[in-house]
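Beneath this line is the structure, given in structure tokens, with notes to follow.
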2 protein chains.
Amino acid sequence: MAYPRSPSSEPVKPQRMRGNRPAYTTETLLDVAVTVFTTRGYEGTSMEDLAAAAGLSKSSIYHHVQGKQQLLGLALDRALDGLFAVLTQPGATSGPAVDRLTHVIRGTVRVLLDELPYVTLLLRVRGNSPIELAALARRREFDQLVAHLVLRAQRDGEVDVGLDAAVATRLIFGMINSLTEWYRPGRADRLDLPETVVQLVLTGLAPRPGTG
Amino acid sequence: MAYPRSPSSEPVKPQRMRGNRPAYTTETLLDVAVTVFTTRGYEGTSMEDLAAAAGLSKSSIYHHVQGKQQLLGLALDRALDGLFAVLTQPGATSGPAVDRLTHVIRGTVRVLLDELPYVTLLLRVRGNSPIELAALARRREFDQLVAHLVLRAQRDGEVDVGLDAAVATRLIFGMINSLTEWYRPGRADRLDLPETVVQLVLTGLAPRPGTG
DNA sequence: GTCTATAAATTGATAGAC
DNA sequence: GTCTATCAATTTATAGAC
């Protein structure tokens, strides 16, 4: 490599634009967009809203991404990748079904909290475009894999047989997903939310003998 | 009242319009609108969409309501009225706190199922207009009254003291509200959903001795 | 009660200068 | 990488005929 190093091998040094702000990348712009999308809703957000939130003009946004839909697609993929990663972790693929289920519940809560705005956006998608429909299809796939795990745990006698497994799965993950409605980083961080959810799912509210 | 009866005292006889369809009232139009709103999202629904769904022209809709926002406001009020009614029923105002809580859980699930599209719409509101902000304020009031009930049950030793009451309340009602994401009338109607939810909340998934 | 026609504003997106 | 200027399409809403 005696030749001058090609520009692409240089370390990334962010250029400073007006106001001494680092120039946007697709990634940093996505961060801004997802925040606005989750605040005002995707359809309720105009490119003008995005531009104002980013401190850019509308046309500058089109330098980084093809359009509003692409921003949505990137955000939904990120959320889904995080969720599917939980299902391939060792704790989710071996051992008693109820332990795998517990692992998936904990992992799903963690991903939801770590990627809060992205998962929030995913959970609100209605299927109004091909991009949204594709995300809904991936999400259904995730749901089905989890439902299968609950069914296994039930057949193995590890969880209550009095409940319909499919309904219980939906209710449990509905509970988990509802975290996006109120959790904000910084608040209630002393609470171990993944553990709280696992406890509530496994034993419910009823006082257990010896703890009251 | 010897004078001819005024038109307003006549029994309501719906006029038949084109295609032998009864003329719309604000109420029947609201029904159509709420269905479209929950399918495509409120912001994702144009007056043109509503007109197409109703089989009317856009301008005819303005004969019945002032505009899109008013349709939203009427729908949100209906959902909130139903939820608040649960809190004033006898079972919710006397007796041990845990029984009152159980009553409210059952009642909330019932209202949610009975007024499904209206409550669904309420749960998706983001606060993008004064009408939405007012609905969110009423909803917060409902949530606080319920949270108070859980706290009472906890203090009375009727539910597990290992859980944060406020967090548990949010998770439980998050689970209930998640019914709007998948419940459709006709399907799973043999399942007693209010009871299933109460059981899951009180005892969780864990198999109880004697039932396995 | 419903229609056609149209106004006024906003929307997602592009062209081209710096 | 960002800007101003602009376009074509869509959106909410109104006017006025039947």
Side-chain angles (χ1 to χ4, degrees), chain A residues 7-8 10 12-34 36-37 39-75 128-132, chain B residues 7-8 10 12-34 36-37 39-75 128-132:
Chain A
S8 66
E10 292 288 346
V12 177
K13 184 195 288 179
Q15 288 196 313
R16 300 259 155 194
M17 309 311 289
R18 322 198 161 180
N20 207 32
R21 170 181 57 67
Y24 276 108
T25 63
T26 302
E27 189 67 11
T28 58
L29 187 61
L30 180 62
D31 245 37
V32 173
V34 169
V36 185
F37 286 162
T39 305
R40 311 174 53 87
Y42 173 73
E43 315 259 13
T45 302
S46 69
M47 293 302 278
E48 188 60 52
D49 293 329
L50 289 185
L56 278 179
S57 65
K58 271 193 295 180
S59 62
S60 295
I61 294 177
Y62 288 95
H63 177 79
H64 298 283
V65 292
Q66 290 189 339
K68 197 177 149 185
Q69 292 240 9
Q70 195 193 17
L71 281 168
L72 179 63
L74 290 169
N128 282 350
S129 66
I131 284 177
E132 297 188 21
Chain B
S8 67
E10 292 288 345
V12 178
K13 184 196 285 179
Q15 288 197 312
R16 300 259 156 193
M17 308 309 290
R18 322 199 159 182
N20 205 32
R21 171 182 56 69
Y24 275 108
T25 63
T26 302
E27 189 67 11
T28 57
L29 187 60
L30 181 61
D31 245 38
V32 173
V34 169
V36 185
F37 286 162
T39 305
R40 311 175 53 87
Y42 172 73
E43 315 260 13
T45 301
S46 68
M47 294 301 278
E48 187 60 53
D49 292 329
L50 289 186
L56 277 181
S57 66
K58 274 191 291 182
S59 62
S60 294
I61 293 178
Y62 288 95
H63 177 79
H64 297 283
V65 292
Q66 288 187 340
K68 197 176 145 184
Q69 293 241 9
Q70 195 192 19
L71 281 168
L72 179 63
L74 291 170
N128 283 348
S129 67
I131 283 177
E132 297 187 20

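Protein chains get the first letters and strands the later ones, always in sequence-line order, with residue 1 at the start of each.
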Quiz item: What does B:Ser57 touch in the nucleic acid at a heavy-atom separation under 4.0 angstrom: a base, only the sugar-phosphate, or nothing?
Solution: base

Exercise. Round to a whole Å and report the spacing from CZ of B:Arg40 to C1' of D:dT10.
Key: 13 Å

Exercise. Nearest whole angstrom, please: distance from the P of C:dT10 to the NZ of A:Lys68.
Key: 16 Å

Quiz item: Taking atom types as they are modelled, is there a donor-acceptor pair under 3.5 Å from the base of C:dC3 to the side chain of B:Ser59?
Solution: yes

Quiz prompt | Separation of C:dT10 C1' from B:Met47 CE (nearest whole Å) | solution = 16 Å

Quiz item: Whole-Å distance between D:dA13 C1' and B:Asp49 CG?
Solution: 16 Å

Quiz item: Could you go step by step and tell me if B:His63 and B:Tyr24 meet the side-chain contact (heavy atoms from CB on, under 4.5 Å) rule?
Solution: CA-CA 10 Å; B:His63 177 79; B:Tyr24 275 108; over 6 Å; no

Quiz item: Roughly, in whole Å, what's the span from CG in B:Leu50 to P in D:dT11?
Solution: 11 Å

Quiz item: Under 4.5 Å between any side-chain heavy atoms of B:Lys68 and B:Tyr42, yes or no?
Solution: yes

Quiz prompt | Any A:Ser60 side-chain N or O less than 4.0 Å from OP1/OP2 of D:dT2 | solution = no

Exercise. List the steps, then state whether side-chain contact (heavy atoms from CB on, under 4.5 Å) holds for B:Val32 with B:Leu50.
Key: CA-CA 8 Å; B:Val32 173; B:Leu50 289 186; 5.7 Å; no

Quiz item: Checking all strands, does A:Thr25 fall into the base, sugar-phosphate, or nothing category for heavy-atom contacts under 4.0 angstrom?
Solution: nothing

Self-check item: Distance in angstrom units between A:Glu48 CD and D:dT11 P, rounded
Solution: 18 Å

Quiz item: Do A:Asp31 and A:Thr28 have side-chain atoms, one donor and one acceptor, less than 3.5 Å apart?
Solution: no

Quiz item: Which part of the nucleic acid, if any, lies within reach of B:Lys58 when heavy atoms closer than 4.0 Å are counted: base, sugar-phosphate only, or nothing?
Solution: base

Exercise. Rounded off to whole Å, could you give me the CG-to-P distance for the B:Leu71 and D:dT11 pair?
Key: 16 Å

Exercise. Find the distance B:His63:NE2 to D:dG16:P and express it as a whole number of Å.
Key: 17 Å

